[in-house]
Engineer: 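For reference, the structure I am asking about is given below.
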2 protein chains.
Amino acid sequence: MLRTHKCGQLTAANIGETVTLNGWVQTRRDLGGVLFIDLRDRSGLVQIVFNPSFSGDALQVADRVRSEYVLAVKGEVVRREEETINPNMENGDIEVRITEIEVMNAAKTPPFFIEDGVEVDESLRLKYRYLDLRRPEMQKTLMLRSKATKIFRDFLDENGFIDVETPILTKSTPEGARDYLVPSRVHEGEFYALPQSPQIYKQLLMVSGLERYYQIARCFRDEDLRSDRQPEFTQVDIETAFMDRDELLGMMEQLMVKLFKETINVDIPVPFQRITHAEAMDKYGSDKPDLRFGLELVNVSHIVASSGAKVFASVIEKGGEVKVLNAKGCGTWTRKEIDSLEPYAKRYGAKGLAWIQIKEGEFKGPIVKFLSEGEIQQIREATNAEEGDLLLFSADTKQVVADVLGAMRVKIGRDLGLIDDNVYKFAWVVDFPLFGYDEDAKRYVAEHHPFTRPYEEDLELFNTDPGKIRAQAYDIVLNGYEVGGGSQRIYKRELQEQMFEMLGFTPESAREQFGFLMDAFEYGTPPHGGIAFGLDRLIMLLAGRTNLRETIAFPKTASATDLLMNAPAPVDGAQLDQLHIRLAPPKPVVDKN
Amino acid sequence: MLRTHKCGQLTAANIGETVTLNGWVQTRRDLGGVLFIDLRDRSGLVQIVFNPSFSGDALQVADRVRSEYVLAVKGEVVRREEETINPNMENGDIEVRITEIEVMNAAKTPPFFIEDGVEVDESLRLKYRYLDLRRPEMQKTLMLRSKATKIFRDFLDENGFIDVETPILTKSTPEGARDYLVPSRVHEGEFYALPQSPQIYKQLLMVSGLERYYQIARCFRDEDLRSDRQPEFTQVDIETAFMDRDELLGMMEQLMVKLFKETINVDIPVPFQRITHAEAMDKYGSDKPDLRFGLELVNVSHIVASSGAKVFASVIEKGGEVKVLNAKGCGTWTRKEIDSLEPYAKRYGAKGLAWIQIKEGEFKGPIVKFLSEGEIQQIREATNAEEGDLLLFSADTKQVVADVLGAMRVKIGRDLGLIDDNVYKFAWVVDFPLFGYDEDAKRYVAEHHPFTRPYEEDLELFNTDPGKIRAQAYDIVLNGYEVGGGSQRIYKRELQEQMFEMLGFTPESAREQFGFLMDAFEYGTPPHGGIAFGLDRLIMLLAGRTNLRETIAFPKTASATDLLMNAPAPVDGAQLDQLHIRLAPPKPVVDKN
């Protein structure tokens, strides 16, 4: 009994037709010997009815079915009695009078209800993921993901990009996160690594003259997981030759326009705002600012540099800074309400949280007495403070001030209802620094990765002030999330060597790790650059979810466990022998890093 | 100097336009102070000219460029002088008179020529893959592959299939080939395995009610590699619920029709021929017969069962068989030519090769004297032997006879020119046996995999003659290659348990390995089935290549080595410590299995 129609697609237009349906029992109600079942398939629901007057033996069979049984049924589509029409159901004006039934499979009672918004421990959902994925919101998310990847592919295909698969069994590289390793059976004592990204392969494809490459690529990082990380994740990986930054960014904007229009029917205005990394950090305390609201940070360091408020002046003396977030309208908060912000600030590294209320025309708060009349006046002007405002101060290193006030800005913005969840505000953050400085290792590290091209005009800073060199790198941010990033790449051997040297490689170690790439640069490498989108996060934002696991069919937990299959798991010794490895003797675990 | 046009797309229609091009120097000719360069980009070639009369300083710059330099040039498109038109070049009637040039990058002399059909050791090509991929035939293959995957996706999307990504870090399973393992850092002593296929995940997605799933999925097998295997390979993975075999096969035929039409413009007739596994083995000695030609094998066991030819009779007595391949028209071969077939037969397990020539109306050959007049007459009729034919005999176990004559059939077919390389002959091989018998392990093994559904009517054979149970499995074969295969799956717990028992699992070991799947079968699993296509092999056939490595951007060698990146490679001890493993002490290698 193969289906002729899908449940959710039946409408009044089918009235009078004899149809065969296949699906799952969603609900079952027995009303005085007449049996009503909502039958569910991927397309939706339809009500089927078993009545002694037309169902014959099928009623007896139907009588023993329960939730989630799999049925094949045949019957006639009829209009429901006026009083039984269900306005909450898309096809609530019809039902199917069943004359034949086949129970394709039985079902035990599921451990949770197959419906949206189910309140159940996530680990139970992950263990029974095959039931969890039956829930309409999960099906919708999987379908959205499928549609979104199709849109990416269609757009890139239309624009001449070639989809190329790059290896999963590849080589361990020292920069970046920890690699997952795969012992080789054939080559004793040697290992493959799973790729953290196809970065080097895509650059080599540009050396190959492929000009426009893309791949929806699985990537792997053996990191300690936070709620928004997965050990394996998917990126839309793109690389181009002979295309400059602005042409690439413009094309990617069109891609986002198409994606948001065709999935959730939202019009995204272009061009996207562009903001330098320096400005983003200065105004928003973040390199992925949420631009749906204002509340910009104000630097008051110059005002309080020699203030009587020693807590400010001493920080500036030590090279730190003092910034203010004007929480508009929070000046009426009670002391208790204000104090409740302090633990939040401390979570981001603050030692405390200084504040000033503007109440009844006056500046009030514990630090006011240390500030001069003139300083107060200047702060008022700089922060545009008005009656009823609350000024939140952070005085610390540049990084801590950014972390604290950046997080505080988002919290206050959300508390004040300044964030509209229906708005999608894209921006490009550009001109990242090429290097960060690693205080522990006492050396520069690549802010992006070692292949990022610096601006031509900043090259002279290599010998004088490397920390000031700007990279031709760009991140695409959406509502406070980084959803993608990329750069123009180095394509000359000498510059790449200089880069490796600055990152602490000896010529020998650079050659050992990246010799093939530097060789490649000598055989006619075109100028090239690219970008990668984090697909999981984009889908999360498109689906209006807050957790990456909701966007992945079979995700792993924060301890990188697959609760459904029970992976990882012990393997037998013979397998390890074949791979020429053995387990290290167990030792008391102090630190799993 | 960003390009305004692509080299290969310039035509006479562009005459008079000023264009900017980016690309590589293909060839360079200096004719009396005038410099001609064929400039190449992904789209093709165009001739550019530097002449003192219009190029100015650009000529001096151009004078030092060599093959594979990367250039940006600007100039006017003009019609060539009549006598310099190159009819072998698509745009050989035009050239570009260059007025500006920028050398974007220099190039050393490549280790081999960047042109088709280059005669160079494959390991050199793999080491410099980024140069190898510049060759037009490699670029064409990569583009064909990209196009083919797009066609798969478009077709499946149009037919309601949902693209779902399944995990790469998953669990080791005991059936099938060897797994690649990945040690866990977080879970000491435990391992992930890379999937040999997404088989279980796709079945679980059917339990989830997704109904139609597909994925272009990376799969991994740690096998000893033959020329047509890769440690990682790609399959187009498909699964459906509520669809029976015939509907699925019909849909897949339409998919192949679209694929072959839109890539290589070949019309594939449907429906495909269907042939049972038994018939394929009987007539062609192969479960993936090349059906572009006849030369069917003929079973003469019944004729020679009690023959004076002991070499035949004794084989049949021991349960073997005797079959004949009639090599039409080879009866005129010399003894030496015929004898040259013997080593070939032996490679496939034959102990020798008996034969009979029909020459001048007579049966000739070493075995003729052992056969009676009546036997010869019957063999003549059975094999339709005529003047000038050559009958090749194989007498051995069923398997050896199939291997020997199956291979011989293809060889003779090719030698006789019976195989038309422009013909694409698809067929479905159906009704595979559910089990094979492993003589070493003294138990049944799954011919396909343990989830394959047997025919309902064969279920009673479980207790009497399991080897005779037919599986609802199907392979799709093309010109002697298996390009895909699948089955309808078991979806009832009891049958799945029976299957595991037959395969030597204890209830406990079945539960430990596949408990989640058997649990899943209890919560309302629909009837389901699917198929997977070997993408690499399909592309190989579409591109007219004979080696899978030609279809993969960055393939591995037969010893699973990536010659470009030098993977696998040793890793440092600290990495192993983090993974709680150490290397086994080296020992003399006797057998790498």
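All values below were derived from every heavy atom in this structure, side-chain atoms included, with hydrogens, water molecules and symmetry-related copies excluded. In what follows, every chain begins at residue 1, and chains take the letters A, B, ... in the order their sequences are listed.
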Engineer: Which residues satisfy the ring-ring contact (aromatic ring centres under 6.0 Å, His included) test with A:Tyr69, sequence neighbours excluded?
Structural biologist: none
Engineer: Select one option (side chain, backbone, both, neither) describing which atoms of B:Thr170 are under 4.5 Å from chain A's heavy atoms.
Structural biologist: both
Engineer: Please name all residues satisfying ring-ring contact (aromatic ring centres under 6.0 Å, His included) with B:Tyr491, sequence neighbours left out, ordered by chain then number.
Structural biologist: none
Engineer: At a 4.5 Å cut-off on heavy atoms, which part of A:Leu517 comes close to chain B: side chain, backbone, both, or neither?
Structural biologist: neither
Engineer: B:Arg582 versus chain A, heavy atoms under 4.5 Å apart: side chain, backbone, both or neither?
Structural biologist: both
Engineer: Is B:Arg42 close to chain A through its backbone or its side chain, or both, or neither, when contacts mean heavy atoms under 4.5 Å?
Structural biologist: both
Engineer: Heavy-atom pairs under 4.5 Å with chain A: which of B:Asp132, B:Leu205, B:Val25, B:Asp572 has the most?
Structural biologist: B:Leu205
Engineer: Heavy-atom distance under 4.5 Å to chain B: side chain of A:Lys147, backbone, both or neither?
Structural biologist: neither
Engineer: Which one of B:Thr234, B:Leu142, B:Asp577, B:Leu71 has the most heavy-atom pairs closer than 4.5 Å to chain A?
Structural biologist: B:Thr234
Engineer: With a 4.5 angstrom heavy-atom cut-off, is it the side chain or the backbone of B:Met1 that approaches chain A, or both, or neither?
Structural biologist: neither
Engineer: Checking heavy atoms, do the side chain of B:Arg153, its backbone, both or neither come under 4.5 Å from chain A?
Structural biologist: both
Engineer: Check whether B:Met138 gets within reach of chain A through its side chain, its backbone, both or neither, counting any heavy atom under 4.5 Å.
Structural biologist: neither
Engineer: For B:Pro183, which atoms come within 4.5 Å of any heavy atom of chain A: side chain, backbone, both, or neither?
Structural biologist: both
Engineer: With a 4.0 Å cut-off on N to O distance, would you call A:Arg178 and A:Asp224 a salt bridge?
Structural biologist: yes
Engineer: Does any backbone or side-chain atom of A:Thr525 lie under 4.5 Å from a heavy atom of chain B? Answer side chain, backbone, both or neither.
Structural biologist: both
Engineer: Given that the side chain runs from C-beta out, which part of B:Leu21 has a heavy atom under 4.5 Å from chain A: side chain, backbone, both or neither?
Structural biologist: neither
Engineer: Tell me, out of B:Thr149, B:Thr109, B:Ile581, B:Thr166, who's got the most heavy-atom pairs with chain A below 4.5 Å.
Structural biologist: B:Ile581
Engineer: So which part of B:Asp157 gets closer than 4.5 Å to some heavy atom of chain A, the side chain, the backbone, both or neither?
Structural biologist: side chain
Engineer: Which bit of B:Ala106 is near chain A, if near means a heavy-atom gap under 4.5 Å: side chain, backbone, both or neither?
Structural biologist: backbone
Engineer: Between A:Leu2 and chain B, which part of the residue has a heavy atom less than 4.5 Å away: side chain, backbone, both or neither?
Structural biologist: side chain
Engineer: Counting heavy atoms not belonging to B:Lys171, are there more than 12 under 6.0 Å from its NZ?
Structural biologist: yes
Engineer: Given side chains that start at C-beta, do those of A:Tyr180 and A:Glu232 come closer than 4.5 Å, heavy atoms only?
Structural biologist: no
Engineer: Any salt bridge between B:Arg3 and A:Glu211, counting N to O under 4.0 Å?
Structural biologist: yes
Engineer: Less than 4.5 Å to any heavy atom of chain A: does that hold for the side chain of B:Ser184, its backbone, both, or neither?
Structural biologist: side chain
Engineer: Taking C-beta and beyond as the side chain, do B:Pro198 and B:Tyr213 meet within less than 4.5 Å on heavy atoms?
Structural biologist: yes
Engineer: Where does A:Phe220 contact chain B at under 4.5 Å (heavy atoms): side chain, backbone, both or neither?
Structural biologist: side chain
Engineer: Side chains of B:Ile162 and B:Arg212: does their closest heavy-atom pair fall under 4.5 Å?
Structural biologist: no
Engineer: Given that the side chain runs from C-beta out, which part of B:Ala193 has a heavy atom under 4.5 Å from chain A: side chain, backbone, both or neither?
Structural biologist: neither
Engineer: Name the region of A:Leu194, side chain, backbone, both or neither, that has any atom closer than 4.5 Å to a heavy atom of chain B.
Structural biologist: side chain
Engineer: Pull out the residues in residues 562-569 of chain A that come under 4.5 Å of chain B, heavy atom to heavy atom, sorted by number.
Structural biologist: A:Asp562, A:Leu564, A:Met565, A:Asn566, A:Ala567, A:Pro568, A:Ala569
Engineer: Heavy-atom cut-off 4.5 Å, strictly under: side chain, backbone, both or neither for B:Glu223 against chain A?
Structural biologist: backbone
Engineer: Could you list the residues that satisfy ring-ring contact (aromatic ring centres under 6.0 Å, His included) with A:Phe242, not counting sequence neighbours?
Structural biologist: B:Trp24
Engineer: Which atoms of A:Val182 are under 4.5 Å from chain B, going by heavy atoms: the side chain, the backbone, both sets, or neither?
Structural biologist: both
Engineer: Would you mind telling me which of B:Arg40, B:Lys108, B:Glu68 has the largest number of heavy-atom pairs within less than 4.5 Å of chain A?
Structural biologist: B:Lys108
